Every structure is written in C-alpha cells, then in structure tokens.
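Because the structure is predicted, anything quoted here is derived from the model rather than measured.
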Amino acid sequence: PAGTPPAAASTAAPTTPAPAPPPPVAAPPAPPAEPLVEIGGYAQVEYQSHADSEEQLAQGSNTTLNQNRFLVRRARLIAKRAWEYTSLELELDGNTVSGPSFGLYRAEASAYYRPDKTKAPWVQLTLGMFRMPFGFELPQSSGARWFMERSQVSRALFPSEIDLGGRLSGEAGPFRYAAALTNGEPLGEKSGFALQDPNKNKDLTVSVGAKGDPLEFLTVGGGVSANTGRGFHPGTSATKPTMVWSDRDDNGAIGPNEIEPIAGRAAVKSETFERWAVGGDIQLEFRTPLGATTLYGEMVVAKNLDRGFFPADPVSNGADLREFGYFIGILQEVTKYGMVGFRIDYYDPNADSTDRRAGKTLPAENTVTTYSPLVGVTLPKRARLCFQYDIIKDYLARDLYGVPTNLENNAWTLRLQVNL
C-alpha cells in the first residue's frame, strides 16, 4: 500500500572466527632421580716388529716365537655410576695378545666422603679389583699413557696394575694418600696364582704424595711408595719308586745297563719368604705457547719382588735377590695435535748375580736398558696414532766363547688408539 516504507536491508557485519588457543607448553622433563651410568672406553690396535722373532714354536709347547704381527693390545669398556656417598666402576678388557681373550679387568665398589663435589673425596674405601697405589705408572690408565707399555722395572715387580683387595685413599688440598691390603698375586704374574693367594699373609702397599702449581706455568708432583708382603715357594708332592728304560743302542729291546731305578721321594712342604719394595717418583710440567713439556721419573729398590721378568724365589736360589730399576721420560706437545717423547728405562733383576765360566765364579750382568723414542699425532680426546722404537741393551745372549753378550731384540710398534 501507498506510504509503506520498503523493507530495511540487512546491515549485520560478518563475524570473525575466534583465534585458536596456543598449544600447551610442554613441561620440562623431570631430572632423573638417580645419576645415569657413565660409559667410556678405548681400543688400542697395533703392529709389532721384533728383531728376535722366529718362525718356530717354543720347545715343548704350541706357543709361536713369531712376534711380527697385528694385534688388539687392549679393548676396554668402562661403566661407572656414582651416588652421593658410593660408586661402582667396572672395566672389561678384550685382547689378542695370547689369542682371543675377554674378561673382567677391574671392579671397584667404593664408599666415600666428599664435602666438595668438584674435588676428590677426603676419604674413600674401595673393595674389589683395582690399580695398585704404588709409584707413578701403576695408578695411571693405559689409555692416558703415551708410551706403549710401562717400564721394565714396573712390569717386572708388578706384572699388571691390577690386584684384588681393599684400599683406603683420599686427597686434601695438594696432598694425596693411599693404603691397600691385597692378595699380593697381581693379574699376569707367572706363578699360576694370579688374583689368588697361596698364603694367609696379605701384601701392604702405602703411597703418599702431593701435586701443586708453584708458578703459573709450572706444575710439580711427586710421592713415595712402599710395598711389603710374603712370597710363596711351592713344595713338591711325594713320588713312588719307578723304573726307567733308556734304549741306549736304539734297537727297541731291553739290553744291559738300560734299566735305571728311580727312588721315591717324600713330600716337601711349601715355604714363604719376605719381599718388599720402596720407590719414589717426581713429575714436572712446563706450559709454553708451543705446548706442555712433561719431565718425569721413578726409581725403585726391591727384594724378592720380581714376578714378571726374572721371578724371584730365594728358597730355590739359596739367597735373596736384590732388584733395582728406574726410568726417566720426557714428553713434548707440538701444539695440541702432536707429541714427541723419549724414555730411558733401566732394570737389574739380581744385583748379586753370578756366572760360572772356565771353572770360575764371576759376577754376572743381568741388566736391561731400553731407549725409547716416540712420535705421535692426536685428535684431542678422540684418537691418537703413535710410533715407538725400542733400542734394548741386555746380556741375555752368549757369544761363541760362552760370554754373555747383547741379544739382538730391538722392536718397534705402530699403534692407533680410538676413544669411545
């Protein structure tokens, strides 16, 4: 109808969708209730060449005399877990030194008191298989040592770093101390009682030392150590009387004077004997723009303690054996990627040794002196490649007249070590 206004046009604005809520922020992961297990390790693979190698077998055994070979010297896997007052550390070792071998190398269960968690404990009690606290070389890990093996004196008196027992140790400021009571038959010794104990006596090892920085560019360390215990001379079992036939004319038949009676013998009881060692060590480290220079050395005097090179048995020998040895080494960093070094290593297994020649008893020389230059390259904390040449001077051979002379047994080793 007239006068009626037209319908009003729709003027509503389009609605804007509400913004999406922000995604929920993930809560940070809760810290573990207990510390995680630390895993580490390293492998040392090498080639060795020895001047005295032979393509033969040792008399009466299946042991090869060839030493020019590739081998896995060490393959170590280390696991450690630490709590506030206790820790557990395990180390496994695999190698091919005498054929494939793998087994437990170190097992340390420790309880300690450590007021400052950034420093070593004031006091720590450790039970299990651990490195002996004697001198400078024994407590040092093989993965940290630049020279291929420990010195001759160290390997003779302690065929391995590892023994079984208990140890009390700690540090306070620059000073450190350790005392260990062990079976006294370290891993690798030649008596056949490794990590066992054929006598009730336990060996006592004590070490005290210090390390500090008297100057900004100089670190000085050192200590003294002592070891005392009792060795074991095995007795013999009783034997019955026997008859032995010696086919002297090689005709396969019993003939005159070819039957020999062997009298029976009574059993001989085992005996023990006293043994000890005293040593001192010192280390100097100078820091320069070229790299650190480390000069170190150790000297040991001992009696009846050789268990790896010229095993000491005063019961069989009829007299005590006095051992003496030392080594002096220097290592020079060539920037952080290179290393050169040199070590002199001297060992006398029996200062009172004699030899009988032409019906006369004469003083004998059993000393072994090794001169070892070394060169290496490294990727810090990851890998190192080293070459070492050992010039060995000894009196282990005899000339045409039966006089002791130097045995041609120089050796060289090329080793690659990679850290886990």
Any side-chain heavy atom of [X] sitting closer than 4.5 Å to one from [Y]?
X: Ile330; Y: Thr294; result: no
X: Tyr371; Y: Asn410; result: no
X: Phe147; Y: Cys386; result: no
X: His233; Y: Ser316; result: yes
X: Leu420; Y: Leu77; result: yes
X: Asp394; Y: Asn409; result: yes
X: Thr370; Y: Lys393; result: no
X: Met299; Y: Phe324; result: yes

Aromatic contact between Tyr112 and Tyr85, with the criterion being ring centroids under 6.0 Å apart: yes or no?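 Ring-ring flag for Tyr112/Tyr85: false, centres at least 6.0 Å apart.
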
Centroid-centroid under 6.0 Å between Tyr296 and Phe136 rings: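 Yes, the ring of Tyr296 comes within the 6.0 Å limit of the ring of Phe136, centre to centre.
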
Looking at [X] and [Y], does any basic side-chain N land under 4.0 Å from a carboxylate oxygen?
X: Glu46; Y: Arg415; answer: yes
X: Glu108; Y: Arg167; answer: yes
X: Asp203; Y: Arg275; answer: yes
X: Lys303; Y: Glu274; answer: yes

So ring-ring contact (aromatic ring centres under 6.0 Å, His included) across residues 375-397, not counting sequence neighbours, yields Phe387-Trp412

Test side-chain contact (heavy atoms from CB on, under 4.5 Å) on Ser207 and Arg176; report intermediate values, then the result. CA-CA 8 Å; Ser207 175; Arg176 58 173 171 79; 3.5 Å; yes

Would you say [X]'s side chain and [Y]'s backbone share a donor-acceptor pair under 3.5 angstrom?
X: Tyr47; Y: Phe70; answer: no
X: Thr367; Y: Asp348; answer: no
X: Glu185; Y: Glu189; answer: no
X: Thr378; Y: Ala383; answer: yes
X: Asp247; Y: Asp250; answer: yes
X: Thr288; Y: Gly291; answer: yes
X: Ser270; Y: Gly235; answer: yes
X: Ser53; Y: Gln67; answer: yes
X: Arg287; Y: Glu216; answer: yes

So, for [X] and [Y], which heavy atoms are closest and what is the spacing to 0.1 Å?
X: Ala263; Y: Thr239; answer: O-OG1, 4.5 Å
X: Leu90; Y: Ala107; answer: CD2-CB, 3.8 Å
X: Gln388; Y: Asp390; answer: NE2-OD1, 2.8 Å
X: Gly231; Y: Asn199; answer: O-ND2, 3.9 Å
X: Pro349; Y: Asp306; answer: CB-OD2, 4.0 Å
X: Arg307; Y: Pro159; answer: O-CG, 3.5 Å

Ignoring hydrogens and angles, state whether a donor on the side chain of [X] or [Y] is under 3.5 Å from an acceptor on the partner side chain.
X: Asp163; Y: Thr182; result: yes
X: Thr405; Y: Asp399; result: no
X: Thr126; Y: Gln124; result: yes
X: Asp116; Y: Thr118; result: yes

Nearest 0.5 Å, what's the [atom1]-[atom2] distance between [X] and [Y]?
X: Asp281; Y: Ser225; atom1: CG; atom2: OG; result: 6.0 Å
X: Leu284; Y: Thr219; atom1: CG; atom2: OG1; result: 9.5 Å
X: Glu54; Y: Asn68; atom1: CD; atom2: CG; result: 11.0 Å
X: Ile344; Y: Thr369; atom1: CD1; atom2: OG1; result: 9.0 Å
X: Thr293; Y: Phe286; atom1: OG1; atom2: CZ; result: 8.0 Å
X: Thr242; Y: Glu260; atom1: OG1; atom2: CD; result: 9.0 Å

Taking atom [atom1] of [X] as the centre, report whether more than 12 heavy atoms of other residues, nucleotides or ligands fall under 6.0 Å from it.
X: Arg145; atom1: CZ; result: yes
X: Phe102; atom1: CZ; result: yes
X: Lys202; atom1: NZ; result: yes

Within residues 320-329 or reaching into it, pairs that qualify as side chain to side chain donor-acceptor pair (under 3.5 Å) - sequence neighbours excluded: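 The answer is Asn304-Asp320, Arg322-Asp352.
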
Run Glu55 and Arg69 through salt bridge (Lys or Arg N to Asp or Glu O under 4.0 Å) and show every step you take. CA-CA 12 Å; Glu55 296 177 350; Arg69 56 175 179 159; over 6 Å; no

Between Arg76 and the options Asn95, Asp93, Asn419, the side-chain hydrogen bond (donor to acceptor under 3.5 Å, both in side chains) test singles out Asp93

Sort out for me which residue in Arg73, Arg74, Gln44, Arg382 forms a side-chain hydrogen bond (donor to acceptor under 3.5 Å, both in side chains) with Gln417.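 Exactly one pass, corresponding to Gln44.
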
Using side chain to side chain contact (heavy atoms under 4.5 Å, CB included) as the criterion, point out the one residue from Val300, Val206, Leu157 that pairs with Phe134.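 So the option named by the test is Val300.
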
Residues 123-141 vs salt bridge (Lys or Arg N to Asp or Glu O under 4.0 Å), sequence neighbours excluded, gives Glu91-Arg131, Glu137-Arg343

Taking the six-membered ring of Trp146 (Phe, Tyr or Trp), confirm whether the NZ or CZ of Arg384 is under 6.0 Å from its centre and within 45° of its axis.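 Cation-pi check for Arg384 and Trp146: passes.
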
Salt bridge (Lys or Arg N to Asp or Glu O under 4.0 Å) assessment of Glu271 paired with Lys269: CA-CA 7 Å; Glu271 299 182 46; Lys269 68 177 183 178; over 6 Å; no

Under the salt bridge (Lys or Arg N to Asp or Glu O under 4.0 Å) criterion, do Glu89 and Arg81 qualify, and how do the steps go? CA-CA 7 Å; Glu89 189 164 354; Arg81 187 165 188 177; over 6 Å; no

Show the numbers, then the answer: is there a side-chain contact (heavy atoms from CB on, under 4.5 Å) between Tyr347 and Ser154? CA-CA 9 Å; Tyr347 178 59; Ser154 180; over 6 Å; no

